[in-house]
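Down below is the structure, laid out as structure tokens.
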Amino acid sequence: MSKIFSVRYLLIGISIIFIFIMLILPLYVIINEAFHNGFSPYFNVISDKFTLHALSLTLLATGTAVLCNTIFGLFAAWALTRFQYRHSKLLTTLIDIPFTISPVIAGLIFSLTFGRIGWTQPILNFFHIKIVFAVTGIILVTIFVTLPFIARTIMPVLHSRGTQEEEAAALMGASGLTIFRRITFPHIKWALLYGIILCTARAMGEFGAVSVISGHLRGKTDTLPLLIEILYNDFKMTDAFAVSTILVVLAIILLVLKNIVEYKWHQVKE
Amino acid sequence: MIKFTKKNNHRVSIIPGFNLSLGITIFYISFIILIPLISIAVVTNGITWQKFTSVILDSRVIASYRISFICALTAAAVNCFFGTILAWVLVRYEFPGKDLIDGLIELPFAIPTAVAGISLAALYSPTGLIGQFLAPIGIKIAYSPIGISMALIFVTIPFVVRTVEPVLKNIDPVFEEAAYTLGAGKFTIFRRIILPELIPALLLGGGLAFARAVGEYGSVIFIAGNMPFKSEIVPLLIMIKLQQFNYTEATSIAIVMLLFSFLIMFAINSLQIYQQRLIRGGR
């Protein structure tokens with residue numbers, strides 16, 4: 001028996017050391033470096049004009065992306081799981097594309113489409129719309145990168161439930177909205193919340209795609225992750241880590257929420 | 001299921017909202033995904049085949065493919081190893097702090113990649129918390145391919161753990177008990193009974209981790225050092241070309257990467273279908 005116990009402790013030990021080195025130490029480093037010069041410089045950095053502007057832009061892009069993708073996710077999940085038709089597989093595969101594309105390529109395709117050399121340029125010029133190197137572009141790529149999250153978390157839940165309940169309700173004369181509100185929504189409530197949390201986390205931290213499209217106009221098109229890069233490359237390490245703490249706090253809040261939602265969701269399942 | 005078959009093999013369901021929801025879905029996908037993707041074709045139209053091959057076969061580009069590929073593969077392999085241990089520990093054992101570890105697994109998905117990047121660079125630089133112990137014995141992590149792998153391991157930790165976990169939960173302990181009573185050791189039981197069950201999940205989790213790692217940018221650039229031929233990854237090379245407004249070269253390199261990504265995606269999709277069948281137990 002003692003041999004089994006030693007394997008158990010060995011494996012638990014490896015897990016704890018791995019988590020400690022890979023996850024906890026990096027977090028510790030961020031906090032440690034951020035307060036390197038004490039509290040008062042820290043608060044100066046995070047209440048700086050540029051930091052607050054970057055924070056508001058990050059929140060704007062994240063909020064818009066999550067809102068758009070939630071609406072899309074609900075419609076897509078409805079279209080792809082409540083009905084059977086020939087090309088539903090194809091559409092599902094298309095939704096997954098942003099997951100497989102490197103964020104840098106995501107940024108690239110948007111600048112090829114809407115940028116200076118883009119083929120949509122005449123149309124955009126006509127309406128005086130600026131997308132690349134502007135806030136609109138940042139929001140668009142954030143939407144692109146986080147598009148699959150919500151749709152792909154709701155879809156398996158709806159898929160496994162089948163369509164009988166909705167069909168019964170429809171036969172009894174319920175309208176689409178009533179069916180969704182009274183039957184579908186209660187089932188997908190936790191999955192939807194879970195997807196929204198994942199989507200938010202990814203949207204607020206998106207770096208590669210936003211970096212291509214933003215043009216780094218400081219105080220104009222800088223989100224928090226981009227501001228961190230600029231500060232870091234200017235050798236303002238402490239400032240970069242101070243700005244990072246804002247995102248770390250948001251990340252930890254999201255992580256806790258994710259775990260709560262997961263727990264509740266699990267309870268409902270059982 | 002109630003449905004009627006029309007002439008064109010299009011089934012009509014009694015559930016309302018088909019046209020509306022499908023319309024919105026197709027419109028949204030076209031606008032956000034397809035139109036930007038098509039631009040690649042529009043730009044490529046202006047590139048001659050010679051130009052294209054000379055760009056993608058340039059020695060610096062080839063070196064970056066190799067670095068991206070090897071580092072991503074290393075990260076996926078390391079995560080397959082530790083991910084299996086983590087999943088095993090989380091499913092099979094009870095110990096204080098287990099819930100904390102379970103809750104922390106998704107931290108890399110929550111932490112923005114740029115933040116992870118600067119934090120890892122600080123941790124492993126020769127003066128950093130871990131780097132200062134490794135530098136005297138000649139191990140250089142930051143500003144080398146090992147650093148790239150380190151960053152990629154960090155961002156892809158959750159994939160393997162979360163794909164192996166449900167399969168492990170589903171394995172009936174009866175088989176292990178039978179093997180044990182027949183005199184098999186712990187290691188034999190793992191190798192002969194558990195591992196074969198886990199292999200599809202490991203391939204899937206490892207594949208997802210690999211796919212993510214190949215395209216990863218934010219967390220890598222701070223720790224990589226970004227020296228051409230040594231520690232320059234493909235996404236960074238695309239970025240450099242873009243900053244020089246060299247759109248044709250950037251697009252050419254991106255096309256190779258896109259094709260590669262689609263290939264991985266195809267493999268993962270097939271595996272996913274297989275994995276779903278395993279979890280549901282319908283074998």
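Keep in mind that what you see is a predicted model, and the values were worked out from it rather than measured.
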For [X], which atoms come within 4.5 Å of any heavy atom of chain B: side chain, backbone, both, or neither?
X: A/T93; answer: both
X: A/Y28; answer: side chain
X: A/N32; answer: neither
X: A/F144; answer: both
X: A/S160; answer: neither
X: A/I197; answer: neither
X: A/L11; answer: both
X: A/I179; answer: side chain

Structural part of [X] lying under 4.5 Å from a heavy atom of chain A:
X: B/F245; answer: side chain
X: B/I221; answer: side chain
X: B/L34; answer: side chain
X: B/I264; answer: neither
X: B/L242; answer: side chain
X: B/T251; answer: both
X: B/I85; answer: both

What heavy-atom pair brings [X] and [Y] nearest, and what distance separates the two atoms?
X: A/K258; Y: B/R162; value: NZ-NH2, 4.4 Å
X: A/F83; Y: B/G17; value: CZ-C, 4.1 Å
X: B/G215; Y: A/P103; value: O-CD, 3.4 Å
X: B/A110; Y: A/A201; value: CA-CB, 4.0 Å
X: B/M239; Y: A/G208; value: CE-O, 4.5 Å
X: A/L108; Y: B/A254; value: CD2-CB, 3.3 Å

query = Under the side chain to side chain contact (heavy atoms under 4.5 Å, CB included) criterion, do A/L247 and B/I111 qualify, and how do the steps go?
reply = CA-CA 7 Å; A/L247 286 170; B/I111 294 278; over 6 Å; no

Output the distance between atom [atom1] ([X]) and atom [atom2] ([Y]), rounded to the nearest 0.5 Å.
X: B/I33; Y: A/I101; atom1: CD1; atom2: CD1; answer: 8.0 Å
X: A/L80; Y: B/T25; atom1: CG; atom2: OG1; answer: 6.0 Å
X: A/L94; Y: B/L37; atom1: CG; atom2: CG; answer: 9.0 Å
X: A/I12; Y: B/K98; atom1: CD1; atom2: NZ; answer: 9.0 Å
X: A/L112; Y: B/I38; atom1: CG; atom2: CD1; answer: 13.0 Å
X: A/F110; Y: B/I35; atom1: CZ; atom2: CD1; answer: 9.5 Å

Most chain A-contacting option - heavy-atom pairs closer than 4.5 Å, from [options]:
options: B/F154, B/Y124, B/F82; value: B/F82
options: B/P235, B/S219, B/G97; value: B/P235
options: B/L104, B/L90, B/L20; value: B/L104
options: B/L120, B/I26, B/I29, B/V43; value: B/I29

Pairwise side-chain contact, [X] with [Y], heavy-atom cut-off 4.5 Å (strictly under):
X: A/T100; Y: B/I268; value: no
X: B/I15; Y: A/W78; value: yes
X: A/V29; Y: B/I118; value: no
X: A/I16; Y: B/V89; value: no
X: B/F262; Y: A/I97; value: yes
X: B/P112; Y: A/F207; value: no

request  = Kindly determine whether B/Y28 and A/N69 satisfy side-chain hydrogen bond (donor to acceptor under 3.5 Å, both in side chains), including the steps that lead there.
outcome  = CA-CA 9 Å; B/Y28 196 84; A/N69 285 336; 2.7 Å; yes

Name the member of [options] that forms the most heavy-atom pairs with chain B at distances under 4.5 Å.
options: A/A77, A/G73, A/A76; value: A/A76
options: A/I71, A/N233, A/I19; value: A/I19
options: A/L254, A/N259, A/L23, A/I30; value: A/L23

key: Cation-pi, B/F95 ring and A/R8 (6.0 angstrom, 45 degrees)   =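 Because its charged atom misses either the 6.0 Å distance or the 45° angle limit, A/R8 does not stack over B/F95.
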
query = Parallel, tilted or perpendicular: which fits the ring planes of A/Y232 and B/F222, with parallel below 30° and perpendicular above 60°?
reply =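 Aromatic pair A/Y232/B/F222 classed perpendicular.
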
query = Relative to each other, are the rings of B/F31 and A/F114 parallel, tilted or perpendicular (30° and 60° limits)?
reply =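 Tilted.
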
message = Before you tell me yes or no, could you show the steps for A/S15 and B/W88 under side chain to side chain contact (heavy atoms under 4.5 Å, CB included), namely the whole-Å CA-CA distance, both residues' side-chain angles and the distance that decides it to 0.1 Å?
response = CA-CA 10 Å; A/S15 300; B/W88 178 266; over 6 Å; no

task = Run the numbers on B/M257 and A/S102 for side chain to side chain contact (heavy atoms under 4.5 Å, CB included), then give the verdict.
result = CA-CA 8 Å; B/M257 232 185 134; A/S102 168; 4.0 Å; yes

Donor + acceptor pair across side chains of B/S39, A/T113 (<3.5 Å) =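 Judged by distance alone, the side chains do pair up.
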
query = Does B/S119 use its side chain to pair, donor to acceptor, with the backbone of A/P26 at less than 3.5 Å?
reply =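 Yes: the side chain of B/S119 pairs with the backbone of A/P26.
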
task = Let me see the working for A/L224 and B/V115 under side chain to side chain contact (heavy atoms under 4.5 Å, CB included), right down to the final yes or no.
result = CA-CA 10 Å; A/L224 280 178; B/V115 175; over 6 Å; no

